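First the structure, in the form of structure tokens, and then the observations on it.
Heavy atoms only: backbone and side chains are in, while hydrogens, waters and symmetry mates are out. These numbers were taken from a predicted model, which means no experiment stands behind them.
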Amino acid sequence: MLPYSVAKSECKIIYLCRNPLDQFISLHHFFASNKIEKEAVPLGFEESFDMFCQGIIGFGPFWEHMIGYWNAHLENPKKMLFLKYEDLKEDIVLNVKKIAEFLGCPFSEEEVGKGVVEEISKLCSFGNLKNLEVNKNGYVMDGILKNSTFFRKGEVGDWTNYLTPDMAERMKKLMEIKFEGSGLTFKIRSQVNH
């Protein structure tokens, strides 16, 4: 279910998500690197994983959040563009074109021919954004969150370096259950590196 402000907004919205396996790893590292509450004791990996599987994360119910935006995209694709991080990594140029078209600013043939799309893609790449001074230093939210923790690795499939086969299987089954009948799918590497 979408927040009222989003559902009633006249703005175009771009929703970017990651496959839940990689999203969990990123969130776990993010919260481990940022102490949201001074007295909080960091959660262990397994406890953190269990909470994520239950949909409990610091910013609200994860599964409902993702499926809500997916459904909004299906119901009104002119207002809501749903993108997957994995697709951006696979073909950023195609997705930059998709974003420009969605926003009503498609690239001209001349811009495409001059390599403008590729230049924008390089500027917006994970590696470039991670290396910007503003993203390497400083804090947001009154000094609580380190800017550098918003950009860790940006790799697709990094979950294979952390999750056990049982954990991965549990998450994959949850994905099947939670996304059943919605049409939402993710390309998942099947091998765990443990």
Side-chain heavy atoms nearer than 4.5 Å, only ILVMFWY residues, links allowed to pass through others: does that put [X] and [Y] together?
{"X": "I92", "Y": "V112", "answer": "yes"}
{"X": "Y15", "Y": "L74", "answer": "yes"}
{"X": "V156", "Y": "L16", "answer": "yes"}

Quick check for you: to the nearest 0.5 Å, what is the distance between [X] atom [atom1] and [Y] atom [atom2]?
{"X": "I188", "Y": "L21", "atom1": "CD1", "atom2": "CG", "result": "5.0 Å"}
{"X": "N19", "Y": "E86", "atom1": "CG", "atom2": "CD", "result": "4.5 Å"}
{"X": "M80", "Y": "I14", "atom1": "CE", "atom2": "CD1", "result": "10.5 Å"}
{"X": "F24", "Y": "C53", "atom1": "CZ", "atom2": "SG", "result": "7.5 Å"}
{"X": "I99", "Y": "K97", "atom1": "CD1", "atom2": "NZ", "result": "13.0 Å"}
{"X": "N128", "Y": "F151", "atom1": "CG", "atom2": "CZ", "result": "9.5 Å"}

Step by step, work out the side-chain contact (heavy atoms from CB on, under 4.5 Å) result for W159 and M167. CA-CA 10 Å; W159 65 269; M167 293 170 106; over 6 Å; no
Side chains of E75 and N71: any donor to acceptor distance under 3.5 Å? no
Compare every heavy atom of [Y] with every heavy atom of [X], then report the nearest pair and how far apart it is.
{"X": "R18", "Y": "Q23", "answer": "O-OE1, 3.8 Å"}
{"X": "S9", "Y": "K79", "answer": "O-NZ, 2.6 Å"}
{"X": "H28", "Y": "S48", "answer": "ND1-OG, 3.3 Å"}
{"X": "Y85", "Y": "G154", "answer": "OH-O, 2.7 Å"}
{"X": "L81", "Y": "F102", "answer": "N-CZ, 3.5 Å"}
{"X": "M175", "Y": "F186", "answer": "CE-CD1, 3.9 Å"}

Within a 6.0 Å radius of atom NZ on K173, are there more than 12 heavy atoms belonging to other residues, nucleotides or ligands? no
Is the backbone of S26 close enough, under 3.5 Å, to the side chain of K153 for a donor and an acceptor to pair up by distance? no
Show me the donor-acceptor pairs, under 3.5 Å and distance only, between side chains in residues 114-124 and residues at least two apart or in other chains.
residue	atom	partner	partner atom	Å
K114	NZ	E110	OE2	3.0
S121	OG	V117	O	2.8

Let's go through F150 and N135 carefully: what are the C-alpha distance in whole Å and the side-chain angles of both, what is the deciding distance for side-chain contact (heavy atoms from CB on, under 4.5 Å) to 0.1 Å, and is it a yes or a no? CA-CA 8 Å; F150 287 94; N135 292 329; over 6 Å; no
Contacts of type side-chain contact (heavy atoms from CB on, under 4.5 Å), residue [X], not counting sequence neighbours:
{"X": "S182", "answer": "I67, W70, F179, L184"}
{"X": "R152", "answer": "I25, H29, D158, Y162"}
{"X": "N95", "answer": "L83, D87, L88, K98"}
{"X": "E176", "answer": "none"}

Taking the inter-plane angle between the rings of F82 and H73 on a 0 to 90° scale, is it parallel (under 30°), tilted (30 to 60°) or perpendicular (over 60°)?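 The rings of F82 and H73 sit tilted, inter-plane angle from 30° to 60°.
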The test is side-chain contact (heavy atoms from CB on, under 4.5 Å); show your working for E155 and F126 and say whether it passes. CA-CA 9 Å; E155 293 179 5; F126 183 89; over 6 Å; no
Salt bridge (Lys or Arg N to Asp or Glu O under 4.0 Å) filter on E90, not counting sequence neighbours, yields K187
Might you work through the side-chain contact (heavy atoms from CB on, under 4.5 Å) test for L174 and Q54, ending with a clear yes or no? CA-CA 9 Å; L174 267 172; Q54 294 171 45; over 6 Å; no
